[in-house]
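Down below is the structure, laid out as structure tokens.
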Amino acid sequence: MNSDRKMIIYQTLPRLFGNRNRTCRKNGSLSENGTGKLADFTYRALHEIRQLGVTHIWYTGIIEHATRTGYTPYGIARDHSAAVKGIAGSPYAIRDYYDIDPDLAGNVSCRMAEFEELVERTHRAGLKVIIDFVPNHVARHYYSDVKPITAGNLGRQDNTFKSFDPNNNFYYLPGRMLTLPADAGEEEFEYSEFPAKATGNNCFSLHPSKNDWYDTVKLNYGVDCAGDGSCHFDPVPDTWIKMLDILLFWVGKGVDGFRCDMAEMVPVEFWRWAIPRAGATRQVCFIAEVYRPELYRDYLHSHFDCLYDKVGFYDTLRNVICGKAGATAITQCWQSVEDIRDHMLYFLENHDEQRIASDFFAGSAEAGFPGLLVAATLHVNPLMIYFGQELGERGMDDEGYSGCDGRTTIFDYWSLESIRNWMNDGLFDGALLTGAQQALRRAYARLLDGVCREPAIVKGAFFDLMYVNRDNPHFNDHRQYAFLRKHEREVIFIVVNFDCTEQTVRVIIPPEAFRLLCIPDNQPALRTDLLTGEQSLSTLTEMCPYEITVPGYSGKLLKFNYDNLFSPAGK
């Protein structure tokens, strides 16, 4: 990671990002609703994304996955409808780890070349490339027809008479047939799988339900999941070797990092073995999706660079935004992972979560902005935003399989009006955006490309002011949050307001802050409002609280530059 810039990830779904088709028919086919292409990430589009302060772009759904759309002229058959979620299919039901989703190619025969061009274009735009690595499960119809000649196909050498064998790639229910919950739909024949394989979410049932990951099959890493839970890692299981080959294949294509789906369902021993080998030739970033806090440190000690902070930070911040928890809960949240907080990936949106502006979350993008201020400036750890978040995308479309649930679908062919209007046929001039959307995107850019470049934010020290203001009658610790960041001769004083109305507060800064951060007490400094650019002279002192007026659904980020006052000659 570049120590001079905060790591900011922009997650985007190529299937939706570049799709300009306005049809948007519920449960529409590819021919009806269209799809985005890799080529839609033009150099201009990538430049505009980078202007948000983004350092890494996570292309979600790049690898070939299960779908009801067929490409038979190219040797790619469609999947049985019973084994696919939605029409387009889930990007997390991988059908060929070595191939590109044909939907995303302008010329299907050249799909890998188009991906290689995208990687080159992304790098030229100053961004690093992250893709999904889905190690826990694959599509029920998994088969690689383009794998390197030296790579084996998953499951081809399995002993299907055994429910578990360390050398098998899958788990089986020997001698029995699988029944899937989805209707056969347009299929002439019912789905057939014999012998039945275990379903991706550790479901060892012949009848997985609609709430199970029924479109996927669980991979076997040498753990007897359905038996006594014993581990068989010596000799190295065959699945380990095959999965490392896949990682090395994509590293060879220029990929800079992997977001590892449901990493916690794969034993840490595999990661400890695989990650150093995958990054042996150049630096590669690994991000783990882990939801169990008791496992966080195990996975970080297994060479992951950062972990999803969902059940801690995301859930807490969401509750604060929605008024279900006080802002003091943020302090309790980061303190619970204080020893590893620099490795926790903060976010307010992703493909699994509801949009901030949806009726199911905050109801408006503006209400979520104070949460973004905290997520972006609290610590030095990385931040992720989801495409359209910067435009206030509401996620309130009823796309089909996804339904009207406040999320942007990953299962259907669709397009987003906010993204279409922002792109404006490649002009990116904002002419089709509403005034509120334009203002929100500017606010995101000021924060992420401006504030997040400040040395105090990128690598500075942190001091939480909440404990000393808990009983302060001039500060509402339920709706405001305050802290300091400091690097060398600069201090950034941050007060965030989760309330919809403007608030005037008086924030106590204790003697400990001045002592631990070496801040000159009552010394004049150049004060810059980092969100407006306004400048004035001001002082910080332990003698009296600092009075400040904070706009509703926003914050004040005040940088105090003491110039040479930190040097011995200035004291």
Using modelled atom types only, decide if a donor and an acceptor are shared between the side chain of [X] and the backbone of [Y] within a distance under 3.5 Å.
X	Y	answer
Tyr314	Glu349	no
Asn421	Leu433	no
Gln437	Thr434	yes
Thr12	Tyr59	no
Asp529	Gly533	no
Arg485	Thr377	yes
Gln438	Gly430	yes
Asp305	Phe286	yes
Arg5	Gly53	yes
Ser358	Gln354	no

Pairwise side-chain contact, [X] with [Y], heavy-atom cut-off 4.5 Å (strictly under):
X	Y	answer
Tyr386	His351	yes
His303	Trp271	no
Phe41	Thr122	no
Leu13	Thr408	no
Leu127	Val54	yes
Ile63	Trp250	yes
Asn472	Asp477	no
Lys218	Trp213	no

*Under the side-chain contact (heavy atoms from CB on, under 4.5 Å) criterion, do Val268 and Leu295 qualify, and how do the steps go?*
CA-CA 9 Å; Val268 292; Leu295 297 179; over 6 Å; no
With a 6.0 Å cut-off on the ring centroids, do [X] and [Y] count as close?
X	Y	answer
His343	Tyr299	no
Tyr308	Phe347	yes
Trp334	His379	yes

Atom pairs and distances, donor-acceptor, side-chain atoms in residues 359-374, under 3.5 Å, two or more places apart:
| residue | atom | partner | partner atom | Å |
| --- | --- | --- | --- | --- |
| Asp359 | OD1 | Arg394 | NH2 | 2.3 |
| Ser364 | OG | Ala367 | N | 3.2 |

*Might you work through the side-chain contact (heavy atoms from CB on, under 4.5 Å) test for Glu534 and Thr528, ending with a clear yes or no?*
CA-CA 6 Å; Glu534 296 176 359; Thr528 303; over 6 Å; no
Could you give the side-chain donor-acceptor pairs of residues 503-514 under 3.5 Å, partners two or more places apart or in another chain?
| residue | atom | partner | partner atom | Å |
| --- | --- | --- | --- | --- |
| Gln503 | NE2 | Thr501 | OG1 | 2.8 |
| Thr504 | OG1 | Thr549 | OG1 | 2.9 |

I'd like to know if [X] and [Y] make a salt bridge, using a cut-off of under 4.0 Å between side-chain N and carboxylate O.
X	Y	answer
Lys486	Glu490	no
Arg259	Asp261	yes
Lys559	Glu454	yes
Arg50	Asp449	no
Asp412	Lys26	no

*Test applied, side chain to side chain contact (heavy atoms under 4.5 Å, CB included); reference residue, Thr331; option that passes from Tyr467, Tyr481, Phe483*: Tyr481
*Among His487, Glu488, Arg489, the one residue meeting side chain to side chain contact (heavy atoms under 4.5 Å, CB included) with Pro455*: His487
With no hydrogens and no angle check, just 3.5 Å: does a side-chain donor-acceptor pair link [X] and [Y]?
X	Y	result
Tyr291	Glu289	yes
Thr199	Asp212	no
Tyr10	Glu390	yes
Asp256	His123	yes
Thr541	Asp521	yes
Asn381	Asp342	no
Ser302	Arg272	yes

*Steps toward side-chain contact (heavy atoms from CB on, under 4.5 Å) verdict (Ile548, Leu558)*: CA-CA 10 Å; Ile548 185 172; Leu558 305 178; 3.4 Å; yes
_Exercise: identify the closest heavy-atom pair between Ile321 and Phe498_ = CG1-CE2, 3.9 Å
*Grab the two heavy atoms, one from Leu531 and one from Gly555, that are nearest each other, plus how far apart they are.*
CD1-O, 3.6 Å
*Check the pair Asp309 / Arg341 against salt bridge (Lys or Arg N to Asp or Glu O under 4.0 Å), numbers first and verdict last.*
CA-CA 9 Å; Asp309 200 342; Arg341 69 188 186 197; over 6 Å; no
*Going through the checks in order, is the side chain to side chain donor-acceptor pair (under 3.5 Å) test met by Asn19 and Trp414?*
CA-CA 7 Å; Asn19 189 7; Trp414 203 254; over 6 Å; no
*Start with the C-alpha gap between Ile130 and Ile9, add the side-chain angles, then the distance that decides, and say whether side-chain contact (heavy atoms from CB on, under 4.5 Å) holds.*
CA-CA 9 Å; Ile130 295 174; Ile9 301 169; 4.1 Å; yes
*Kindly indicate, with the supporting measurements, whether the criterion side chain to side chain donor-acceptor pair (under 3.5 Å) is fulfilled by Asp132 and Tyr92.*
CA-CA 9 Å; Asp132 287 285; Tyr92 296 97; 3.0 Å; yes
To the nearest 0.5 Å, how far apart are [atom1] in [X] and [atom2] in [Y]?
X	Y	atom1	atom2	value
Ser415	Phe17	OG	CZ	12.5 Å
Arg527	Ser536	CZ	OG	4.0 Å
Leu432	Ser418	CG	OG	12.0 Å

*Go through Gln11 and Asn350 one step at a time and tell me if the side chain to side chain donor-acceptor pair (under 3.5 Å) criterion holds.*
CA-CA 7 Å; Gln11 182 193 5; Asn350 64 35; 5.4 Å; no
*Is the cationic atom of Arg355 (NZ for Lys, CZ for Arg) positioned less than 6.0 Å from the six-membered ring centroid of Phe387 and within 45 degrees of its normal?*
yes
*Give the C-alpha distance, both sets of side-chain angles, the deciding distance and a yes or no for side chain to side chain donor-acceptor pair (under 3.5 Å) between Trp58 and Thr60.*
CA-CA 6 Å; Trp58 167 17; Thr60 303; 3.2 Å; yes
*Flag yes if more than 12 heavy atoms outside Glu417 fall under 6.0 Å of its CD atom; otherwise flag no.*
no
